[in-house]
Amino acid sequence: MRKAGLTACFFLLLLISAPAESTDPVWQFSDQMQKAYQLVLNLQPDLAKELLNKIVDPSQELHKIYVLSLGETVDVLITEDQKKFDQVEAHFRARLQVVEKLPEGPEKLFLEAELNLQRGFNLLNLDQSLSAVFAIRKAYNLTQECLKNYPNFIPIKKTSGVIQVMIGSVPDKYHWFMSLLGMRGSVATGQRQLQELRNSKSSLNTEATILYFTVKGFINQQFSEAAKGFLDCLNQQHENRLLLFLAINMVAKDFQSEKALELIADLDQHNQGLQMYYIEYLRAEALLNKGDYSQAIISYQKFIKGYHSLSFKKDAHYKIGICYWLMNDEALARSYFEKAKATGREQADPDKYAASQLEEKELPNRKLLKVRFYTDGGFYKEARSIVQTIQTSELKTLKEETEYYYRQARLAHKTEDLAVAKIYYQETIQLAKENPWYFAPNAALQLGYIYRDQKNYSMAKKYFEQAMAYKKHEYKSSIDGKSRSALEQLKFVKG
């Protein structure tokens, strides 16, 4: 899914580290450079720049260039200020000229690869996908050269690990293009490389740990493990804004809206540095799941006003309409549905789903909506109380009937009633047939996860492949990516 992919790319970029002396194979910073780097990772690039300007040691100049570049890239990716992209591009070219004049060796290859990877992420954020691919291809070739010629240079495992994960999670329909460009990737290989760095004595092993859990969550969809990993990191760096931001994303994905709201409140107390309007979107989502519709509307509106990108704007307007619909204000609900139709773009999965729902002639079933949101937020008691009131006579269409069984399956699954969950997932698949709804594809994916966890790998493989077989639905890219990653992991589980 695009947002998950972009969001994952953004997080991965934040963790790109800088080199130290060319004779130091673990790339350790001086104390002052480390402080500046930590300020960047704490989303305070302006303070980092002030500190960097005070560092005049010539031996630190490459580190200084690198951290400055990272700070600028973090700035534009967080703020989505497109006016800064041209400036960042000019600085990239100037810095690359300096790096290209370095003596041949692993340090030069590492720096060139990292700078090109940064550029690739910036171009992705500008929707210049083709140019981004070529920048990432350049980084890929550099990492391959470094791994071949300097196999004991451990820091390159982080760069290569990121790229391996990115390429390994590319949808099937683009594999021919990756092959044409000579790029091959594997999520599992990327994770193993990151694990190598985690286990090393490098000062980069903390960043490798954050990368590792980012991949666990956004790519492998193992949100419980990812959430725990980030919460453990926060125990040691409880004021780090990047860790807070990542933890909020993971606990929200792990059906823990109450915990997400708690962490957002903590982040509110550490609001120095770059403004993160996307947090308002996450806050609104958690409040919607909780059933606090009026407060959710306020947060969605703050997000719409402050966020520069068009992504999630369609979904935010649609969700405001949903809030009003659940508050029994049909007039305002329809008003925001009309605004949603004319707002934003359809690239992120939530925006695609909102667009598909806006094409429906009938307004959504209120009870099914409440069951969905309560379940997504981890409010299982509330979800159960609503679903028990639904009569089959209330389900007016095949889509509503299919969704009813799907919601029952999701609730049973999250409350660990796996036998019942499997029955409802299978019923969902049978009812949906080939209709372009995401219920059946995700039901197949979830069945795959259940059978995988039960070590029935043949059945898991069957359902992961079935999930990918559906031709058209709102979450095609993301569900295919999750299924592909799960199938790859099965190869290693089965030995």
Side-chain angles (χ1 to χ4, degrees), residues 5-6 8-19 27 62-63 65-74 76-77 85 88-102 104-151 153-170 174-175 177-187 189-194 196-197 204 207-208 211 214-215 218-219:
L6 281 175
C9 285
F10 158 65
F11 294 137
L12 296 174
L13 172 61
L14 290 179
L15 302 166
I16 294 171
S17 60
W27 295 88
L62 291 180
H63 305 175
I65 289 174
Y66 190 90
V67 177
L68 278 170
S69 176
L70 179 61
E72 289 178 356
T73 304
V74 168
V76 295
L77 288 175
F85 276 106
V88 170
E89 177 71 8
H91 287 174
F92 160 78
R93 294 185 183 281
R95 288 161 184 156
L96 193 60
Q97 287 180 356
V98 173
V99 173
E100 287 175 343
K101 294 177 182 178
L102 293 176
E104 296 299 326
E107 298 85 2
K108 177 181 179 180
L109 293 170
F110 180 57
L111 272 173
E112 284 187 283
E114 293 283 9
L115 288 174
N116 276 282
L117 193 57
Q118 286 189 30
R119 183 169 184 261
F121 291 148
N122 282 331
L123 291 167
L124 278 174
N125 206 50
L126 279 172
D127 293 323
Q128 296 182 20
S129 300
L130 188 59
S131 296
V133 167
F134 284 108
I136 293 168
R137 178 175 180 264
K138 177 69 172 177
Y140 172 86
N141 289 336
L142 290 162
T143 60
Q144 294 300 303
E145 182 180 351
C146 191
L147 288 167
K148 178 181 178 180
N149 296 329
Y150 309 98
F153 186 70
I154 189 67
I156 198 66
K157 298 294 178 73
K158 177 174 62 63
T159 318
S160 180
V162 171
I163 296 173
Q164 284 289 313
V165 168
M166 291 176 66
I167 298 172
S169 56
V170 167
Y174 299 122
H175 279 186
F177 187 52
M178 294 294 103
S179 297
L180 186 66
L181 294 174
M183 294 196 293
R184 295 181 180 179
S186 161
V187 174
T189 297
Q191 286 182 289
R192 288 199 303 274
Q193 291 177 338
L194 293 173
E196 285 184 56
L197 183 55
L204 307 183
E207 287 85 1
L211 280 166
T214 300
V215 173
F218 286 116
I219 305 299

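For reference, positions follow the sequence shown, starting with 1.
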Peer 1: Compile the donor-acceptor pairs under 3.5 Å between side chains in residues 159-169 and protein atoms, sequence neighbours left out, one pair per line.
Peer 2:
{"residue": "Thr159", "atom": "OG1", "partner": "Glu114", "partner atom": "OE2", "Å": "2.7"}
{"residue": "Ser160", "atom": "OG", "partner": "Gln193", "partner atom": "OE1", "Å": "3.0"}
{"residue": "Ser160", "atom": "OG", "partner": "Gln193", "partner atom": "NE2", "Å": "3.3"}
{"residue": "Gln164", "atom": "OE1", "partner": "Ser186", "partner atom": "N", "Å": "3.0"}
{"residue": "Gln164", "atom": "NE2", "partner": "Arg184", "partner atom": "O", "Å": "3.3"}
{"residue": "Ser169", "atom": "OG", "partner": "Val165", "partner atom": "O", "Å": "2.9"}
{"residue": "Ser169", "atom": "OG", "partner": "Met166", "partner atom": "O", "Å": "3.1"}

Peer 1: Between CG of Leu117 and CZ of Phe121, what distance do you get to the nearest 0.5 Å?
Peer 2: 4.0 Å
Peer 1: Can you tell me how far the CG atom of Leu70 sits from the CD1 atom of Ile65, to the nearest 0.5 Å?
Peer 2: 14.0 Å
Peer 1: To the nearest 0.5 Å, what is the distance between CG (Leu197) and CZ (Arg192)?
Peer 2: 15.0 Å
Peer 1: Minimum heavy-atom separation for Ala139 to Ala113, with atom names?
Peer 2: CB-O, 3.4 Å
Peer 1: Considering residues at least two apart in sequence or located in another chain, which fulfil the salt bridge (Lys or Arg N to Asp or Glu O under 4.0 Å) criterion with Lys138?
Peer 2: none
Peer 1: Taking all atoms of both residues into account, what is the closest heavy-atom pair of Tyr150 and Gly105, and its distance?
Peer 2: OH-CA, 3.4 Å
Peer 1: Quick one: pull up CG in Leu111 and NE2 in His63 and give me the separation to the nearest 0.5 Å.
Peer 2: 8.0 Å
Peer 1: Report the residues that fulfil side chain to side chain donor-acceptor pair (under 3.5 Å) with Glu104, sequence neighbours left out, ordered by chain and then residue number.
Peer 2: Lys108
Peer 1: With sequence neighbours excluded, what pairs up with Arg137 under the salt bridge (Lys or Arg N to Asp or Glu O under 4.0 Å) test?
Peer 2: none
Peer 1: Please name the pair of heavy atoms, one in Leu115 and one in Ser69, separated by the smallest distance, quoted to 0.1 Å.
Peer 2: CD2-OG, 3.8 Å
Peer 1: For the residue pair Phe153 and Leu109, establish whether any side-chain heavy-atom pair is separated by less than 4.5 Å.
Peer 2: no
Peer 1: Nearest 0.5 Å please: distance from the CD atom of Gln97 over to the CZ atom of Phe92.
Peer 2: 10.0 Å
Peer 1: Applying salt bridge (Lys or Arg N to Asp or Glu O under 4.0 Å), name anything that partners Glu72, two or more places apart in sequence or on another chain.
Peer 2: Arg95
Peer 1: Over all heavy atoms of both residues, which pair between Gly120 and Ile136 is shortest? Give the atoms and the distance, please.
Peer 2: CA-CG1, 4.1 Å
Peer 1: So, taking the atom named OG1 in Thr143 and the one named CG in Asn116, what distance separates them when rounded to the nearest 0.5 Å?
Peer 2: 10.5 Å
Peer 1: Under the side chain to side chain donor-acceptor pair (under 3.5 Å) rule, collect the residues that match up with Glu89, sequence neighbours excluded.
Peer 2: Arg93, Arg119
Peer 1: Hey, mind stepping through Met183 and Val133 against side-chain contact (heavy atoms from CB on, under 4.5 Å) and telling me if it holds?
Peer 2: CA-CA 10 Å; Met183 294 196 293; Val133 167; 4.2 Å; yes
